[in-house]
Amino acid sequence: MVELNWHDYLVMVSFVASIAGLVLLGDNRNSQPTDDRTLSEEILIKMSFTYWIVYCISVFGLKLHLPEDSWLLLSLKLTTVLSYLLTASSILSLPLQRMAVRRVED
């Protein structure tokens, strides 16, 4: 049996919240975004939710008992790091994108 700590419970809750966020964002398919700025913001938010879901899955994959020299373990570690960095970069890109659009409008 795999023992879970507080971080694992937090990852589980954020996994469910990310799925709920994607469902809520995908629910408004009938309404088209009014401009490119709104469309790019929605895409960045969807990317951050998707990358976070991949991170959560790979964290729980690391809980499996795999041999230390397994290629699956190494690929899970790499996936965890890359998805975490991609999540952070897409979250940081939101305010930068808003500032860039505001400068173009001025």
Next on the checklist: To the closest 0.5 Å, what do you measure between CG (Leu85) and OG1 (Thr80)?
Outcome noted: 11.0 Å
Checklist entry - Would you say the side-chain atoms of Asp8 pair up with the backbone N or O of Val11, donor to acceptor, closer than 3.5 Å? => result no
Next on the checklist: Are Trp52 and Tyr55, when compared by the centres of their aromatic rings, separated by less than 6.0 Å?
Outcome noted: yes
Checklist entry - When you look at CZ of Phe60, are more than 12 heavy atoms from neighbouring residues, nucleotides or ligands closer to it than 6.0 Å? => result yes
Checklist outcome for this item: So CG of Leu10 and CG of Leu4: to nearest 0.5 Å the spacing works out to 12.5 Å
Checklist entry - If you group Ile, Leu, Val, Met, Phe, Trp and Tyr by side-chain heavy-atom gaps below 4.5 Å, do Val54 and Met47 land in one group? => result no
Checklist entry - Are Leu86 and Ile91 connected in a single hydrophobic cluster, I mean Ile/Leu/Val/Met/Phe/Trp/Tyr linked by side-chain heavy atoms less than 4.5 Å apart? => result no
Item to check | Other ILVMFWY residues reachable from Leu64 by side-chain steps of under 4.5 Å | outcome: Leu62, Leu66, Trp71, Leu72, Leu73, Leu76
Checklist entry - Between CG of Leu94 and CD1 of Ile43, what distance do you get to the nearest 0.5 Å? => result 11.5 Å
Next on the checklist: Can you tell me how far apart CG (Leu78) and OG (Ser83) are? Round to the nearest 0.5 Å.
Outcome noted: 9.5 Å
Next on the checklist: Could you work out, with salt bridge (charged side-chain N to carboxylate O under 4.0 Å, His left out) as the rule, every residue matching Lys77, not counting sequence neighbours?
Outcome noted: none
Next on the checklist: Test of understanding: with side chain to side chain donor-acceptor pair (under 3.5 Å), list the residues that count as partners of Ser18, not counting sequence neighbours.
Outcome noted: none
Item to check | Residue pair Tyr9 / Val13, side-chain heavy-atom distance below 4.5 Å | outcome: no
Checklist outcome for this item: Tracing side-chain contacts under 4.5 Å among Ile, Leu, Val, Met, Phe, Trp and Tyr outward from Leu92 reaches none
Checklist entry - Can you list every salt bridge (Lys or Arg N to Asp or Glu O under 4.0 Å) pair that touches residues 13-26, not counting sequence neighbours? => result none
Next on the checklist: Show every salt bridge (Lys or Arg N to Asp or Glu O under 4.0 Å) that has at least one partner inside residues 80-99, sequence neighbours left out.
Outcome noted: Glu41-Arg98
Checklist entry - Roughly how far, to the nearest 0.5 Å, is OG of Ser14 from NE2 of His7? => result 8.0 Å
Checklist entry - Once you round to the nearest 0.5 Å, how far does CG of Leu44 lie from CG of Leu39? => result 10.0 Å
